[in-house]
Amino acid sequence: NAMKKQLIINTLSFEIHTEVYDEYGDMEMTDRLFTIDRKSRVLTMMDFHADSSEQSIVLEGGKIAKLLRYIVHTLEIFMWEQDYCLCSDNEDYDPFLDGEEDFFMDDLEEELEVQLPEKPEDRPSWRVQVEYSNHTVQDTSSYEDYMAERPEELYFSLLEYFEPEDEEF
C-alpha cells in the first residue's frame, strides 16, 4: 500500500490489438490506442478499425485523478508484469530449482528436442506504457491470444468515456 501511494501516473498509453468479449458475451476484434495525460487532463482514443479516427475528451481535475487512482490502486497496473508472468527469463528465479537446472537440462538434451519459442507477432495483443511522477517508466506487453482480466477491465473502463449516453425513450 505504501508503494501505491507513491505511484502517481503522469502519462499512460494503452494499446489493444486482440479480441475481447463485450458485455453480452460476444467476441469483437479490437484495434485501439488510449492515451491519458494527467497534466492536460486529456483522454484520447484512436480506433484503427474506424479509419484511424481519434476522439479526445478533457476530464475535470477530480475525474482524471479518480481514474488514475483507480488504475493504480484497484487495477494495480504496476504489478501486471509480475501478475501475468511477462518478466524476462533472466528475472525469473525459482528457489525450488536452485542447482537443479543442469539435471533438467541434461534430461531435455537427451530425450527431447529443444524447440525455440516462436518469434512474437509484430504487435502485441496489448501493451501498456506508463510514466509515473517519480520518473519511473513501465513498459509491459503481452503476446497472448487473450486479454487478461485487469487489462480487459482497463479497456472497458476507458471505452466507457467514449460511448454515447443511453437515450431514454
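Between the CG atom of L68 and the OG atom of S133 there is a distance of 10.5 Å, given to the nearest 0.5 Å. Rounding to the nearest 0.5 angstrom, the gap separating the OG atom in S125 from the CG atom in D145 is 7.5 Å. Taking OG of S141 as the start and CD of E15 as the end, the distance is 7.0 Å to the nearest 0.5 Å. Distance CG/D139 to CD/E131: 12.5 Å, rounded to 0.5 Å. Separation of atoms CD (E28) and CG (D22) is listed at 5.0 Å; rounding is to 0.5 Å. Interatomic distance, CZ of R150 versus CE of M79, reported as 8.5 Å (0.5 Å rounding).
Remark: F48 CZ is packed, more than 12 non-hydrogen atoms of other residues, nucleotides or ligands lying under 6.0 Å away. Counting heavy-atom neighbours within 6.0 Å of Q55 CD, excluding the residue itself, gives a total above 12. Within a 6.0 Å sphere centred on OH of Y70, heavy atoms belonging to other residues, nucleotides or ligands number more than 12.
Hydrophobic cluster membership is shared by L12 and F156, with clusters built from Ile, Leu, Val, Met, Phe, Trp and Tyr side chains linked at under 4.5 angstrom. Hydrophobic clustering (side-chain heavy atoms under 4.5 Å, transitive across Ile, Leu, Val, Met, Phe, Trp, Tyr) keeps V42 apart from M46. L75 and V20 fall within the same hydrophobic cluster, where Ile, Leu, Val, Met, Phe, Trp and Tyr residues are linked whenever their side-chain heavy atoms come under 4.5 Å apart, directly or through other members.
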Determine, stepwise, if the pair S56 / L43 fulfils side-chain contact (heavy atoms from CB on, under 4.5 Å). CA-CA 6 Å; S56 293; L43 170 60; over 6 Å; no

E19 and T30: CA distance, side-chain angles, deciding distance, side-chain contact (heavy atoms from CB on, under 4.5 Å) verdict: CA-CA 6 Å; E19 296 173 332; T30 303; over 6 Å; no

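The shortest distance between side-chain heavy atoms of T140 and R127 does not fall below 4.5 Å. Residues I9 and I36 have side chains not in contact (no heavy-atom distance under 4.5 Å, counting atoms from C-beta outward). Between I8 and R38, the closest side-chain pair of non-hydrogen atoms falls below 4.5 Å. Looking at Y155 and R32, their side chains come closer than 4.5 Å, going by heavy atoms from C-beta outward. Residues H49 and M29 form a side-chain contact, since some pair of their non-hydrogen atoms from C-beta on lies under 4.5 Å apart. Side chains of L154 and F34 form no contact here, defined as non-hydrogen atoms less than 4.5 Å apart. Under the 4.5 Å side-chain criterion, counting only non-hydrogen atoms from C-beta, T18 is not in contact with W126. Y161 places a side-chain heavy atom less than 4.5 Å from the side chain of L59.
Taking all atoms of both residues into account, the shortest heavy-atom contact from M27 to Y21 is CE-OH, 2.8 Å.
Between E60 and R41, none of the side-chain N atoms (NZ, or NE/NH1/NH2) sits under 4.0 Å from a carboxylate O, so this pair counts as no salt bridge.
One N or O on the side chain of S157 and one on the backbone of E153 form a donor-acceptor pair closer than 3.5 Å.
Of the residues listed (V72, V130, I77), the one engaging L7 in a side-chain contact (heavy atoms from CB on, under 4.5 Å) is V72, and it is the only one. Results of the side-chain contact (heavy atoms from CB on, under 4.5 Å) test with M45 over I57, T35, L159, L158 single out L159 as the only residue that passes.
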